[in-house]
Amino acid sequence: MGSKAVEDLIEASSGAHFSGFHLDNAEPGISQVEPTNTSPTENIKQPFVIGVSGGAASGKTTVCDMIIEQLHDQRVVLVNQDSFYFNLNPDELKRVHEYNFDHPDAFDTEQLLNVMEKLKHFQAVDIPKYDRKSYKNDVFPARRVNPSDVIILEGILIFHDPRVRDLMNMKIFVDTDADVRLARRIRRDTVEKGRDIGTVLDQYSKFVKPAFDDFILPTKKYADIIIPRGGDNHVAIDLIVQHIRTKLGQHDLCKIYPNLYVIHSTFQIRGMHTLIRDSQTTKHDFVFYSDRLIRLVVEHGLGHLPFTEKQVVTPTGSVYTGVDFCKRLCGVSVIRSGESMENALRACCKGIKIGKILIHREGDNGQQLIYEKLPNDISERHVLLLDPILGTGNSAVQAISLLVKKGVPESNIIFLNLISVSLLPLCSFCFLP
Ligand SMILES: Nc1ncnc2c1ncn2[C@@H]1O[C@H](COP(=O)(O)OP(=O)(O)O)[C@@H](O)[C@H]1O
Ligand SMILES: Nc1ccn([C@@H]2O[C@H](COP(=O)(O)O)[C@@H](O)[C@H]2O)c(=O)n1
Ligand SMILES: [Mg+2]
């Protein structure tokens, strides 16, 4: 694309909203990308791993579900030791009632370690889904588990192998009386799994109880927290969640860069991110939910503008001391994706001026042409720089460098961003540099 075509594009892009601004691109600048020598991802720590053990039917899954629900603004994934049961061979299948599902050798611990290693390094994994009816882990399709901030590993014997224990940042033992566990197991295995009561009781006395005494109970000593009464113990669960939150603290990148702000995630935000990532989502829904997310980012960004104190008189005649919005403000969108954020900004800031920057890579020599159409007095304004997707960061660096060259102080630039590749997977916005 020649420079004429680029000018046409910026002109067309500007549309009606740009009237009154001067085109200031008589001498389009050629900028070099400044090399960065540190990778923020190198500094990110590993996910927080929680182990939840206890006897069969003690309430482990119930406790995990409650923790996950309360940690709603963190990305949490549950890995069940069940997924690592070995498949039974035909001979074992024929005599399934003689098979000990409560012995450590029933589990493929090497595969579990493999999966955990990947998750700890923020790699996605496919985890088998175990079917207790067929005793197989290849009946259902594997579950894709994406990297998460918190990994909960649940199972009767997850404290048995020291290598698995060593992966954990927190170990919880759910301690429920044996008679309660047996009663729950009978109900679960007969009502939910359709097993007959005689078989359930035989399995319990032959394998489940001895394995509890020999392999599970002895691992209770490794637990950091022992929860009596499982899911009924709301105080214990609240304390655990509080501790996890404290340990996780802020987003790791926010600790490294004090001028970066990541919006706290909620189920609403994650739901919308899920929709816009789903290949089945219609164009109409994609636009609707992206607009909602963008609006959130813009509103949060505006909250970081300076303000002045303002007093007003209310209809009842009293004086209310409030604040006044920052007046000298403008938006700048990085063409084209940044333009998708303009409507949200206009909806929040009546009559706001919006400039444009186009970064055009020419050939393979790494040089880029930057075209811009910005308010003449931009150096006196706070700038909301709009670009929803941050890939390599090149466009952001180029756009910010240009604004600084135009006299905008770095501290007056707020970069608003929806999704950052590898770095900020959630709704985010940041001040740069
Ligand atoms: N506090 C509780 N009160 C009553 N029933 C419970 C409670 N906790 C768990 N259950 C039930 O007991 C069974 C086993 O609980 P679950 O959480 O799956 O235990 P585990 O994962 O340790 O096997 C389930 O049917 C569950 O609904
Ligand atoms: N095919 C299988 C596999 C396992 N079990 C029993 O499950 C119990 C552990 O699961 P929890 O959810 O209760 O922790 C364990 O006691 C196994 O005997 C099974 O019955 N059939
Ligand atoms: Mg369970």
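In each ligand, atom 1 is the first atom listed, and ligand 1 is the first ligand listed. Keep in mind the model is a prediction, meaning the values are calculated, not measured. Residue numbers count from 1 along this sequence.
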(Q) Is the shortest side-chain heavy-atom distance between Val408 and Arg381 below 4.5 Å? (A) no

Q: For residues Asp291 and Ser340, report the shortest heavy-atom separation together with the two atoms involved.
A: OD1-O, 4.3 Å

Q. Just which atoms of ligand 1 are under 4.0 Å from any heavy atom in Thr61?
A. 17 (O), 18 (O), 20 (P), 21 (O)

Q) So which heavy atom in the protein is nearest atom 6 (C) of ligand 2, and how far is it from that ligand atom? A) Arg185 NH2, 3.7 Å

Q: Considering only NZ, NE, NH1 and NH2 on the basic side and carboxylate oxygens on the acidic side, decide whether Glu192 and Lys133 come within less than 4.0 Å.
A: no

Q. Does the pair Asp189/Arg132 count as a salt bridge with the N-to-O cut at 4.0 Å?
A. no

Q) Considering only heavy atoms of Lys60, which atoms of ligand 2 have at least one such atom less than 4.0 Å away? A) 11 (P), 14 (O)

Q: Any atoms of ligand 2 less than 4.0 Å from a non-hydrogen atom of Ala57? List them with their elements.
A: 13 (O)

(Q) Can you confirm, on distance only, whether ligand 1 has an N/O atom lying under 3.5 Å from any N/O atom belonging to Gly59? (A) yes

**Q.** Nearest protein heavy atom with distance in Å, relative to atom 1 (N) of ligand 2
**A.** Tyr130 OH, 3.0 Å

Q | Element-labelled atoms of ligand 1 that are located less than 4.0 Å from some non-hydrogen atom of Glu192 | A | 25 (O)

Q.
Asp196 vs Thr199, test: side chain to side chain donor-acceptor pair (under 3.5 Å). Steps then yes/no.
A. CA-CA 6 Å; Asp196 84 87; Thr199 313; 2.4 Å; yes

Q. Contact between Gly54 and ligand 1, counting heavy atoms under 4.0 Å?
A. no

Q | Check: Lys209 and Asp213 side chains under 4.5 Å, non-hydrogen atoms | A | yes

Q) Ignoring hydrogens and geometry, is there a side-chain-to-backbone donor-acceptor pair from Thr314 to Val312 under 3.5 Å? A) no

(Q) Can you tell me which N/O/S atom of Glu154 has the shortest distance to the Mg ion (ligand 3)? (A) OE2

Q: Show the numbers, then the answer: is there a ring-ring contact (aromatic ring centres under 6.0 Å, His included) between Tyr261 and His304?
A: CA-CA 10 Å; Tyr261 295 81; His304 284 261; 4.2 Å; yes

Q | Ligand-side contact atoms (ligand 2) for residue partner Tyr85, heavy atom cut-off under 4.0 Å | A | 3 (C), 4 (C), 17 (C)

(Q) My understanding is that we take every heavy atom of each candidate and find the minimum distance to atom 12 (O) of ligand 2. Doing that for Lys209, Arg132, Glu154, which one comes out nearest? (A) Arg132

Q: Check each of Leu345, Asn412, Leu302 against Leu329 using the side-chain contact (heavy atoms from CB on, under 4.5 Å) test, and report the only one that passes.
A: Leu302

(Q) With the threshold set at under 4.0 angstrom, would you say Gln81 reaches ligand 2 through any of its heavy atoms? (A) no

Q.
Checking a contact table here: which protein heavy atom is nearest atom 13 (O) of ligand 2, and how many Å away?
A. Arg188 NH2, 2.7 Å

Q. Any donor and acceptor pair, going by atom type alone, linking the side chain of Gln81 with main-chain N or O of Leu157 inside 3.5 Å?
A. yes

**Q.** ligand 1 to Ala57 polar contact by distance, N or O atoms, under 3.5 Å
**A.** yes

Q. Ignoring hydrogens and geometry, is there a side-chain-to-backbone donor-acceptor pair from Ser205 to Leu201 under 3.5 Å?
A. yes

Q | Nearest protein heavy atom under 4.0 Å from atom 27 (O) of ligand 1, yes or no | A | no

Q) What is the nearest protein non-hydrogen atom to atom 17 (C) of ligand 2, stated with its residue, atom name and distance? A) Asp102 OD1, 3.2 Å

Q. Relative to atom 2 (C) of ligand 2, which among Phe101, Tyr204, Phe212 owns the nearest non-hydrogen atom?
A. Phe101

Q.
So, applying ring pair (Phe, Tyr, Trp, His ring centres under 6.0 Å) with Tyr135, which one of Phe101, Tyr99, Tyr130 is it?
A. Phe101

(Q) Taking the basic N atoms (NZ, or NE/NH1/NH2) and the acidic carboxylate oxygens, is any pair closer than 4.0 Å for Arg163 and Asp161? (A) yes

**Q.** Ring centres under 6.0 angstrom apart (His103, Phe207)
**A.** no

Q.
Side chain or backbone, does Gly55 bring an N or O within less than 3.5 Å of an N or O on ligand 2?
A. no

Q: For Gly55, take its heavy atoms, then give the atoms of ligand 1 lying under 4.0 Å from any of them.
A: 22 (O)

(Q) If you scan the protein for heavy atoms around atom 9 (C) of ligand 1, do you find one that is closer than 4.0 Å? (A) yes

Q.
Among all protein heavy atoms in this structure, tell me which lies nearest to atom 21 (N) of ligand 2, with the distance rounded to 0.1 Å.
A. Arg195 NH2, 3.1 Å

Q: With atom 18 (O) of ligand 1 as the reference point, say which of Arg188, Lys60, Arg187, Arg184 has the nearest heavy atom.
A: Arg188

Q | Distance-only N or O hit between ligand 1 and Asp232, under 3.5 Å | A | yes

Q: For Tyr135, take its heavy atoms, then give the atoms of ligand 2 lying under 4.0 Å from any of them.
A: 1 (N)

Q: Please confirm whether Phe325 and Phe307 have ring centers closer than 6.0 angstrom.
A: no

Q) Under a 4.0 Å N-O cut-off, is there an ion pair linking Lys206 with Asp202? A) no

Q. What is the nearest protein non-hydrogen atom to atom 17 (O) of ligand 1, stated with its residue, atom name and distance?
A. Thr62 OG1, 2.5 Å

**Q.** Heteroatom N/O/S of Thr61 within less than 2.8 Å of the Mg ion (ligand 3)
**A.** yes

Q: Measure Glu154 to ligand 1 on non-hydrogen atoms and call it side chain, backbone, both or neither using the 4.0 Å cut-off.
A: side chain

